[in-house]
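Values reported hereafter were calculated over all heavy atoms of this structure, with side chains retained and with hydrogens, waters and symmetry mates removed.
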Amino acid sequence: MSAEPRFFNRELSWLEFNQRVLDEAGDPSIPLLERLKFLAITASNLDEFTMVRVGSLQLLEAEGDMRPDPVGLTTTQQLKAIGDRMQAFLTEQYRCLLSELEPALAQAGMRRVNPGELSDRQAEHVQMIFEQEVFPILTPLAVFARSDADASGSTATTSVAAAVETPSRKTKGSKKKGSDSKAEVTTNSPELLPDSETPAFPPLINQSISLCVRLAPTPASPTYRFAVVPFGRNRHRFITLPAESGFSYILLEDVASMFLTKFFPGETIQESIAFRITRNADMELQEDQASDLLSQMQEIVNARRQSDCVRLELADHATPLLREFLQSAVEVSDRWVFAAPGPLDLAAFFRLTDSQGFDALRYEAWPPKPSPQISPSESLFETISRRDILLYHPYESFDSVVRFVDEAADDPDVLAIKQTLYRTSAKSPIVAALKRAAQKGKYVTAVVELKARFDEQRNIEWARDLERADVQVVYGVKGLKTHAKICLIVRREPQGIQRYVHFGTGNYNEITARIYSDASLMTCNEDLGADATSFFNAVTGYSQPQGFRQIEMAPIGLREKLLEMIEAEIDRKRHKQKALIICKFNALVDEKMIEALYTASQAGVRIRLSIRGVCCLRPGVPGLSENITVTGVIDRYLEHARVLYFYHGGDERIFISSADWMPRNLDRRVELLVPVEDKTCRRNLIAILKTALADNVKARRLLPDGRYEPVRTSNTAEAVRSQESLYRRTSEAIEDASRAALATFEPHRAASSDE
């Protein structure tokens, strides 16, 4: 075995995952609007990565924390590698948009029009839109004003933006949290920001587009002057233009740029460019000091709006003078300035993918199917009382899960509902059902995780709304995030109290359930019901779980159970028995779990991993991991289910889980590992795993050097696109169930004489 690192760097591995998403945007076999959607997803992914991961590393660097990661890279080395990879990624993003997607979309009838390309009719329309809908709303803001006289002590100021002096020198950049250690910006142009004053740069909204305008000097103010026109969270960025055919649009920033003299009458505009800042979102709550978690989380949300800038994006035609002004104003170093050759905020282009009249540019419709296991005319409780139900979304509709809570809310025999809520939709029917249940007198408990990053505000509002409906709301567990997906329903039945439980791998969000692949298990198994009760007692009170019967819970027990199962496979292999581990999850980062898999591989255990995102394990390394293969599927649905399989000497063990194998999931979150005991459910999950591993169309294999390559198969092998296979299989099951129902004849019987 070579002396190379035993792990991949987490951040660089994530960037390679995003590259695989970008590869889908560049795939000519995919419909055009789906390719545009993948491109938008890469931009959205990168925004979050920058806010959280880059922001976190910048904080560490500013604090002087240079501890190496498992690969041996210091914080500064990681930031340099990340910055270089992001620059290369941006180049490929815009090549894909400008050279491939936009020309092809224009040919198909969807065209972005630049100001110089407007017809007379379109120009008149744009002017009308500007005067009626843009000019009354947008407000130009002075940034900083100082004339040459100010340098000698005068207090006179100009009306607009920052003045500059003639001496060439360095501007001081504060060594703040969120900036690199090299925060100073070297300029060969006049000074942009004075040492003695703090520039009145406007508090711009995170990741919103603004225009920066440079105005010509005047006799009254013989210096360069700058202003900013912020757009805020404007949802009308894509302005539809009149067109003889197809769909044409122009961007809001282009419209505003066309009429800038309206904002600055009598001024000479020398330059204007679009720019965008990304703020650090890695803010931690000091829970041991939080007497009121709800108000403390609101403060965290508010603080994010004014946190340090970690990235500056701007149009690549900006002059050095304007670039240096912005760079100094927001305090970022060269490494975190990204010059784009096209429109900023590519994530916003997701909105275009819903444009009407372009169905031919989208995937074939795959509507979720009603599960053949569930009858629309029978109570779910009756169905579950006979057998466990396994659903695999979005192939099987999430409506059954919503119905599970809905029925409980309205069923007079239901006494209590207890549920965790991590991420929900804006108009969640599940939250509505919980409120309705409480108003009908049922005992309803909701564990609302306020610390779900970027969903804090929504969860705060849901928590308050639920409390007003008399729901008992618990704000998660102190020091941990409650990431487990579980709903417990307690029902009075003739034979006594019965518990019904839903366990899931995904959130209780009916919107994302249409595009995320996740597993749901609905059961009235006595042991799992008892475990569910113990779980809620633990997370809503002060008690520790008194030993679960079947499930395992992080941060106590789950990691140990996984290691125990891996060790059992190792032991069987050492005794010359068959040993096999198959796991499907989103991320593999945890060093202890990776080392356990390395040990298993060295013992001869065959390990097959399907990992959508980050993987820090190096597969296929002789003497270390030659028995481990890692593949990942990027396709129309986001692979999100966590499913684990252990051969276990032929007594196959299979689990679903809310947890990825990351330190945060195993040590700092409340997670669940749930065994699937029902034979039919187990069979279905094993078939799903086998289908994912058989993919040779959308799957990519991770190589020992960190690169991914398409899964190679022989020319005679049948093409297997796993998501399509699962959808077709689900559709066939529905058809089979329908045929079976038609083949069953039930005669009408005469009414009895006493009726």
Undergrad: Going by side chain to side chain contact (heavy atoms under 4.5 Å, CB included), R721 matches just one of V633, N696, D635. Which one?
TA: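 So, applying the side chain to side chain contact (heavy atoms under 4.5 Å, CB included) to R721 and each of V633, N696, D635, only D635 qualifies.
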Undergrad: Which heavy-atom pair separates G72 from Q77 by the least distance, and what is that distance?
TA: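 That closest heavy-atom pairing would be O-OE1, 3.8 Å.
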Undergrad: Write down the atom of D47, the atom of A347, and the distance for their closest heavy-atom approach.
TA: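 What the structure gives for the nearest pair is OD2-CB, 4.4 Å.
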Undergrad: Measuring from atom CD of E48 to atom OG1 of T278, what distance do you get when rounded to the nearest 0.5 angstrom?
TA: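 So the CD of E48 and the OG1 of T278 are separated by 12.0 Å.
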Undergrad: Is a side-chain N or O of S625 found less than 3.5 angstrom from the main chain of R618, in a donor-acceptor match?
TA: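 Checking the backbone N and O of R618 against the side chain of S625, a donor-acceptor pair under 3.5 Å is found.
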Undergrad: With respect to H393, which candidate in S400, S371, S520 satisfies the side chain to side chain donor-acceptor pair (under 3.5 Å) definition?
TA: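 When S400, S371, S520 are each tested with H393, the side chain to side chain donor-acceptor pair (under 3.5 Å) holds only for S520.
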Undergrad: A cation-pi test, strictly: NZ or CZ of R636 under 6.0 Å from the centre of the six-membered ring of W366 and no more than 45 degrees from its axis. Yes or no?
TA: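 Yes, a cation-pi geometry holds between R636 and W366.
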Undergrad: First locate atom OG of S725, then atom NZ of K690, and finally report the distance between them rounded to the nearest 0.5 Å.
TA: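 The OG atom of S725 sits 14.5 Å away from the NZ atom of K690.
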Undergrad: Strictly distance-based, threshold 3.5 Å: is any side-chain N or O of E671 a donor or acceptor partner for the main-chain N or O of P555?
TA: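 Side chain of E671 to backbone of P555, a donor-acceptor pair under 3.5 Å: no, none is there.
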Undergrad: Using a 4.5 Å cut-off on heavy atoms from C-beta on, say whether the side chain of I607 contacts that of V630.
TA: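 V630 vs I607: side chains apart.
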Undergrad: When you look at L528 and E677, which way does the side-chain contact (heavy atoms from CB on, under 4.5 Å) test go after all the steps?
TA: CA-CA 10 Å; L528 292 176; E677 301 291 345; 6.0 Å; no
Undergrad: Can you tell me how far apart CD1 (I389) and CE (M522) are? Round to the nearest 0.5 Å.
TA: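 Output value for this atom pair is 5.0 Å.
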Undergrad: Does S13 use its side chain to pair, donor to acceptor, with the backbone of C616 at less than 3.5 Å?
TA: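 No; zero donor-acceptor contacts below 3.5 Å.
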Undergrad: State, with a plain yes or no, whether a side-chain heavy atom of F17 is found less than 4.5 Å away from one of I611.
TA: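 A side-chain contact is absent here, since even the closest heavy-atom pair is not under 4.5 Å.
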Undergrad: Can you tell me how far CD1 of I82 sits from CG of L12, rounded to the nearest 0.5 angstrom?
TA: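 Answer rounded to 0.5 Å: 6.0 Å.
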Undergrad: Just checking, any donor-acceptor pair under 3.5 angstrom between side chains of N525 and D388?
TA: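 No, D388 and N525 have no side-chain donor paired with an acceptor closer than 3.5 Å.
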Undergrad: Would the distance check show the side chain of E564 and the main-chain N or O of E560 forming a donor-acceptor pair, the cut-off being under 3.5 Å?
TA: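 Looks like no, no N/O pair under 3.5 Å.
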Undergrad: Think R572 forms a cation-pi with Y647, using NZ or CZ under 6.0 Å from the six-ring centre and within 45 degrees of its axis?
TA: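 Geometry flag: not set, cation outside 6.0 Å or 45°.
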Undergrad: Can you check salt bridge (Lys or Arg N to Asp or Glu O under 4.0 Å) on E595 and R6, steps first, answer last?
TA: CA-CA 9 Å; E595 289 289 2; R6 297 166 68 87; 2.6 Å; yes
Undergrad: Rounded at 0.5 Å granularity, tell me how far OG1 in T445 sits from CG in L488.
TA: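 Reported to 0.5 Å precision, the distance equals 9.5 Å.
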Undergrad: Look only at the side chain of E569 and the backbone of H648, and say whether a donor-acceptor pair between them is shorter than 3.5 Å.
TA: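 Yes, the answer is positive, given that a donor and an acceptor are paired below the 3.5 Å cut-off.
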Undergrad: Are L689 and S610 packed together at the side-chain level, in the sense that at least one heavy-atom pair is separated by less than 4.5 angstrom?
TA: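 Side chain of L689 against side chain of S610, heavy atoms only: no contact under 4.5 Å found.
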Undergrad: Are R683 and T680 close enough that some pair of their side-chain heavy atoms sits under 4.5 Å apart?
TA: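 Side-chain contact under 4.5 Å: yes.
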Undergrad: Are any of the side-chain nitrogens in D678 or R387 under 4.0 Å away from the carboxylate oxygens of its partner?
TA: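 A salt bridge is absent here (no side-chain N lies under 4.0 Å from a carboxylate O).
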Undergrad: Would you check, one step at a time, whether the test ring-ring contact (aromatic ring centres under 6.0 Å, His included) holds for Y395 with Y637?
TA: CA-CA 10 Å; Y395 313 99; Y637 297 141; 5.5 Å; yes
Undergrad: What do the steps show when you test R729 against T691 for side-chain contact (heavy atoms from CB on, under 4.5 Å), and what is the final call?
TA: CA-CA 11 Å; R729 187 182 306 164; T691 302; 2.8 Å; yes
Undergrad: So, do Y598 and L617 sit near enough that their side-chain heavy atoms are less than 4.5 Å apart?
TA: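 Yes, side chains in contact.
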Undergrad: Quick one: closest heavy-atom pair of I628 and P619, and the distance?
TA: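 Scanning both residues, the minimum pair turns out to be O-CB, 3.5 Å.
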Undergrad: I'd like to know whether H483 forms a side-chain contact (heavy atoms from CB on, under 4.5 Å) with E449, so could you lay out the CA-CA distance, the side-chain angles of the two residues, the decisive distance to 0.1 Å, and finally the verdict.
TA: CA-CA 8 Å; H483 191 248; E449 183 46 78; over 6 Å; no
Undergrad: Heavy-atom count around E526 CD within 6.0 Å, excluding the residue itself: above 12?
TA: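 Check fails, neighbour count at 12 or below.
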Undergrad: Is there a donor-acceptor pair closer than 3.5 Å between any side-chain N or O of D651 and the backbone N or O of R653?
TA: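 Side chain of D651 to backbone of R653: no pair is present.
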Undergrad: Taking the side chain from N586 and the backbone from R612, do they hold a donor-acceptor pair closer than 3.5 Å?
TA: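 No, because the side chain of N586 does not come within donor-acceptor range (under 3.5 Å) of the backbone of R612.
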Undergrad: With heavy-atom distances below 4.5 Å as the criterion, would you say the side chains of I634 and Y708 are in contact?
TA: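 With C-beta onward as the side chain, the pair stays apart.
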Undergrad: Could you tell me if the side chain of E724 sits less than 4.5 Å from the side chain of K698, heavy atoms only?
TA: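 Counting from C-beta outward, K698 and E724 never come under 4.5 Å.
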Undergrad: Decide whether Q78 and E61 meet the rule of one side-chain donor and one side-chain acceptor closer than 3.5 Å.
TA: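 There is no such pair (donor and acceptor under 3.5 Å, judged by atom type) between the side chains of Q78 and E61.
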Undergrad: Indicate the ring-plane relationship of F49 and W14, choosing parallel, tilted or perpendicular according to the 30° and 60° boundaries.
TA: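 If you compare the ring of F49 with that of W14, the planes turn out parallel.
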Undergrad: Output yes when a side-chain donor or acceptor of T420 lies under 3.5 Å from a complementary backbone atom of I486, and no otherwise.
TA: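 Present.
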Undergrad: Assess whether a salt bridge exists between E16 and R85, defined as any Lys/Arg side-chain N lying under 4.0 Å from an Asp/Glu carboxylate O.
TA: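 R85 and E16: salt-bridged.
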Undergrad: For R642 and W661, what are the C-alpha separation, side-chain angles and deciding distance, and is it a side-chain contact (heavy atoms from CB on, under 4.5 Å)?
TA: CA-CA 10 Å; R642 292 93 168 185; W661 288 11; over 6 Å; no
Undergrad: Within the structure provided, determine whether V643 and I688 are in side-chain contact (heavy-atom separation under 4.5 Å).
TA: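 Contact flag for V643/I688 side chains = no.
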Undergrad: Taking atom types as modelled, find out whether H640 and D518 have a side-chain donor-acceptor pair closer than 3.5 angstrom.
TA: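 D518 and H640 do have a side-chain donor-acceptor pair below 3.5 Å.
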Undergrad: Taking atom types as modelled and ignoring hydrogens, do the side chains of N627 and R606 form a donor-acceptor contact shorter than 3.5 angstrom?
TA: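 Distance-only check fails for N627 and R606.
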Undergrad: How would you list, by chain and number, every residue that makes a ring pair (Phe, Tyr, Trp, His ring centres under 6.0 Å) with F404, sequence neighbours excluded?
TA: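 None.
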Undergrad: When rounded to the nearest 0.5 angstrom, what distance separates CZ in F38 from CG in D27?
TA: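 Reported value, rounded in 0.5 Å steps: 9.0 Å.
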Undergrad: Is there a donor-acceptor contact under 3.5 Å linking the side chains of R669 and S658?
TA: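 No, because no side-chain N or O of R669 sits under 3.5 Å from a partner of the opposite role on S658.
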Undergrad: Just by distance, do the side chain of D660 and the backbone of M662 share a donor-acceptor pair under 3.5 Å?
TA: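 Not a single qualifying donor-acceptor pair exists.
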Undergrad: With respect to I656, which candidate in L685, L672, L644 satisfies the side chain to side chain contact (heavy atoms under 4.5 Å, CB included) definition?
TA: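 Among L685, L672, L644, the one meeting side chain to side chain contact (heavy atoms under 4.5 Å, CB included) with I656 is L685.
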Undergrad: Minimum heavy-atom separation for N280 and M51, please, with both atom names.
TA: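 Heavy atoms only, the tightest pair is OD1-O, 3.1 Å.
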Undergrad: For a quick test of reading the model, state the closest non-hydrogen atom pair linking D705 to F8 and the distance between them.
TA: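 What the structure gives for the nearest pair is C-CE2, 3.8 Å.
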Undergrad: Examine K485 relative to Y508 and say whether NZ or CZ is less than 6.0 Å from the centre of the six-membered ring and inside a 45° cone about the ring axis.
TA: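 Verdict for Y508: no cation-pi partner in K485.
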Undergrad: Strictly by modelled atom types, are T512 and R423 linked by a side-chain donor-acceptor pair under 3.5 Å?
TA: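 No, R423 and T512 have no side-chain donor paired with an acceptor closer than 3.5 Å.
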Undergrad: Shortest non-hydrogen contact from R549 to D531?
TA: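 Answer, listing the atom of R549 first, then D531: N-OD1, 2.7 Å.
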Undergrad: Should the pair R700-D23 be classified as a salt bridge under the 4.0 Å nitrogen-to-oxygen rule?
TA: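 No salt bridge links R700 with D23.
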Undergrad: Treating S601 as the side-chain partner and L597 as the backbone partner, does any N or O pair qualify as donor plus acceptor under 3.5 Å?
TA: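 Absent.
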